[in-house]
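This report concerns only the one structure given below.
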Amino acid sequence: MTDATVSPPLAADDGEPLKRKLARAERAYKLKSLALIAPLLGFLLLAFVLPIGTVLWKSVDNPELGRTMPATVAALEGWDGQAVPAEAVYAALVADLRALQASGQIGVATRRLNAELDGLRSLVNKTVRKLPAPEAVPVREALSALDPAWGELDTWRAFARAARPLTSLYLLAAVDRRVDVTSGDIVKVPDAEALYLEVFGRTFWMAAVVTVLCLGLGYPVAYWLASQPAGKANLLLILVMLPFWTSLLVRTAAWIVLLQSGGLINGALLGLGLIEQPLALVFNRLGVYIAMTHILLPFMILPLYAVMKGIPPAYVRAAVSLGAHPFKAFWRVYVPQTYAGVAAGALLVFILAIGYYITPALVGGPGDQMVSYFVAFFTNRTINWGMAAALGTLLLAATLALYAVYGRASRPPTPVRGK
């Protein structure tokens, strides 16, 4: 028996092991590739990840009381919520109120407190106007004599919730819920104050109607385009994409001109004698459906056309030659092969529709506004970033849920292996 000879490792011309040299070359290639895509990754981080993360954070961030009433927030950290706070908490409250009165920031604190419990704004404003003297002892008795609410447990529980660094207030309000002052349970807001669940329902319903309309109009158009010769189809596709080259605001304003009482459509109907008085086609739900369907129709046509272009027409002809009725052959053979395009187009149109703002705001009436209108309202008018972020977060969650459903539905079935 002889010992096996071990061959030396392969080496390059310079004597370096070839395996090490290949590993270094592969590492350099990966670094170059990473350097090439680094600008794109940076853009995605700054343009998408960071804004989305900011929105998610703003929906639970609760900094107002920590900035405006730091002494009271610090004094309430060890409070168990079972009894009225100690004298030190009242003293810290008076000190913070004096500082707020001097700085003019009382409105920031009272707005946040009133969101937790109605009446706290007027209570704090009343107390600021009649603050007890610095030498008043005990402070708790002085404040309770000023207003009995300062001796109530619910008042301080609301203070404690408003003092937390994170809050569920905005997310709960976005689904018409709130925390009960006494029990701490999540309860439904009174019917007179409930708004956002109806708005979300309206948003999803309007988006679904627009999606169905786009599918009903876009499917035959895409089928006709797919049946045309390549040169003619490309020319017609340019016409389909032509609206993309026009501003969304311009297209919406054009529909207002067309649909108004003295517009082209009503004028034509009156001229033909089909109607005796102008129809209400704008500043209502019908106008929103018409304008949004026109704007979003290309997003349905293009995915359908991409799928239909790859379906051989011989399949339908073969079914007809075997005795099937042309419509049955189309419905049973051709349509199932377009399901992927239908799903992609419907998902794209629906997701775009639930985030629309300009078109419903200009063409619709007060009862036709979608969630995006209230996001803009809280952002631009009331400067309530928490509420705007909460509504945006729920829209984002709905979008991700739709993507998850689409991904699950479009996944090919796993073949079952026979035993």
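Being a predicted model, the structure only gives us computed values, none of them experimental. In what follows, every heavy atom counts, from backbone to side chain, and hydrogens, waters and symmetry copies are set aside.
- Remark: the backbone N or O of T246 is paired with a side-chain donor or acceptor of R251 at under 3.5 angstrom.
- Counting only heavy atoms from C-beta outward, the side chains of F244 and M241 approach each other to under 4.5 Å.
- Judged by distance alone, with hydrogens and angles left aside, the side-chain atoms of N266 form no donor-acceptor pair with the main-chain N or O of P278 at under 3.5 Å.
- Of the residues L302, L304, N234, I301, the one that meets the side chain to side chain contact (heavy atoms under 4.5 Å, CB included) test with L225 is I301.
- If you look at Y223 and F330, their ring centroids are closer than 6.0 Å.
- Judged purely by atom type and a 3.5 angstrom limit, N62 has no side-chain atom pairing as donor or acceptor with the backbone of T167.
- The main-chain N or O of F378 is never found under 3.5 Å from a side-chain atom of N384 such that the two would form a donor-acceptor pair.
- Although no hydrogens or angles enter the test, the distance criterion places no donor-acceptor pair under 3.5 Å between the side chain of D147 and the main chain of L143.
- Without hydrogens or angle criteria, T203 side chain to V371 main chain gives a donor-acceptor distance under 3.5 Å.
- For the atom pair CG of L281 and OH of Y289, the computed distance is 15.0 Å after rounding to the nearest 0.5 Å.
- Inter-residue side-chain proximity for W150 and L93 is flagged as met; some heavy-atom pair is nearer than 4.5 Å.
- For the ring pair (Phe, Tyr, Trp, His ring centres under 6.0 Å) with Y90, the lone residue among F159, W156, W79 that qualifies is W156.
- With hydrogens and angles disregarded, no donor-acceptor distance shorter than 3.5 Å links the side chain of R157 to the backbone of E152.
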